[in-house]
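Step one of this worksheet: look at the structure below.
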Amino acid sequence: MQIAVLPGDGIGKEVTAQAVRVLQTVLGKDAEFTEGLIGRAAVKAAGKPLPDETFELAKRCDAILFGAVGGPGDESGPRNLRPGLGLLTLRRELKLYANFRPAFLFPELIGASSLKPELVEGLDLMILRELNGDIYYGEPRGISVGADGRRQGVNTMRYSEPEIERIAHTGFKAARKRKKKLCSVDKANVLETMQLWRETVATVGKQYPDVELRHLFVDAACMELLRSPRQFDVIVAPNMFGDILSDAAAMLTGSIGMLPSASVGEGSKGLYEPVHGSAPDIEGRNIANPLAAILSAAMLLRFSFSRENEAATIERAVRSVLAAGYRTADILQPGTKNLGTTAMGDAVVAALQRA
Ligand code: IPM
Ligand code: MG
């Protein structure tokens, strides 16, 4: 098993190190890890956010373990030097169009959720974010000078029917394996692209009569997610709305430090990353929560290598560490023990060794 490790920036480096330790513990000599540069670190060292070497590494490997990219100031400056572009290019070039972001609440973390326990108890929903289209990639785009001599910004929300169809199929299939409920999110009341999204998802839905399909406008979906999240099973969303909804869903699970993700396409290659950012404010302090990265490693085993047993073993190890009362600062609760990033990694590795 060839695994590319792209830690990126900020706490990405710290949490990825713990995920690699966990994979080494369960895989032993079965896996070979090769590190590559991406993001800010790559701009600094190689002048671009996705150096050719990293791209080649990612193409060659079976799976990519990713940390986080970016830092303060990313919103200004030339687009081709933005750290996030490294990640966006990988997603698109490798055709990883389906991004699974499971919002699962470990019972031990119920008190850390942003919602009252009675609203989130048993929360287990899957956000499926389309990852290769939408306003993230649509052309034309850019900042130009208009006829009045003032600047204007342009981005284009664009989806083709085949792009919507393939993510819709992924959504229905995912729902089939769960509670058979799919909620499709759009803004069809305002945007033509989203009207096409809704029509296309509904048409694909005819092939899945056993799955209950519902459509929600994104503002209503956001409200429902915060009001009564357990009504959802699988949520399928266009790229940008999925980005936003998944951060909100993370808070319901106790912390953004708890949300893992898997980005896959037609083959078995996948990119696995914690949903949280690079958190430059806590970089280098050994306090970041590595559990989303560790749970992403479990998704890597499940999605890219069909190693369901090992994936479940990692998830159980995380659970047992939480049950033992160990927490990082972001999920700390009265009566629990505050561990640093590496100590949390130690605890998961120890639990795996006992398993
Ligand atoms: C995410 C992130 C990225 C995105 C950024 C870093 C480009 O927010 O994966 O959710 O917007 O997709
Ligand atoms: Mg995001």
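Order of listing sets the numbers, starting from 1, for every ligand and every atom in it.
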Any donor-acceptor N or O pair under 3.5 Å, side chains [X], [Y]:
X	Y	result
D330	S255	yes
R21	Q18	yes
T336	Q333	no

* Asked: So among D74, L50, I38, which one has a side-chain contact (heavy atoms from CB on, under 4.5 Å) with V69?
  ->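 It is I38; the other options fail the test.
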Which residue supplies the protein heavy atom nearest to [atom], what is that atom called, and how far is it?
atom	result
atom 6 (C) of ligand 1	L87 CD2, 4.3 Å
atom 11 (O) of ligand 1	Y136 OH, 2.6 Å
atom 8 (O) of ligand 1	D243 OD1, 3.3 Å

* Asked: Would a search of protein heavy atoms around atom 4 (C) of ligand 1 find one under 4.0 Å away?
  ->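 At least one protein heavy atom is under 4.0 Å away.
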* Asked: Which is closest to atom 9 (O) of ligand 1 in terms of heavy atoms, R91, H276, E273?
  ->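 Of the listed residues, R91 has the closest heavy atom.
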* Which option out of R82, R101, M240 puts a heavy atom nearest to atom 1 (C) of ligand 1? ->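 Among R82, R101, M240, the closest heavy atom to atom 1 (C) of ligand 1 comes from R101.
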* To do: Describe, in one word, how the ring planes of Y159 and W197 are oriented to each other, choosing from parallel (under 30°), tilted (30 to 60°) and perpendicular (over 60°).
  =>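 Aromatic pair Y159/W197 classed tilted.
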* Asked: the Mg ion (ligand 2) is nearest to which N, O or S atom of D243?
  ->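 The closest N, O or S atom of D243 to the Mg ion (ligand 2) is OD1.
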* Asked: Does the cation-pi check pass for R178 over F100, that is, NZ or CZ under 6.0 Å from the six-membered ring centre and within 45° of its axis?
  ->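 Judged by the rule (NZ or CZ under 6.0 Å from the ring centre, within 45° of its axis), R178 is not positioned above F100.
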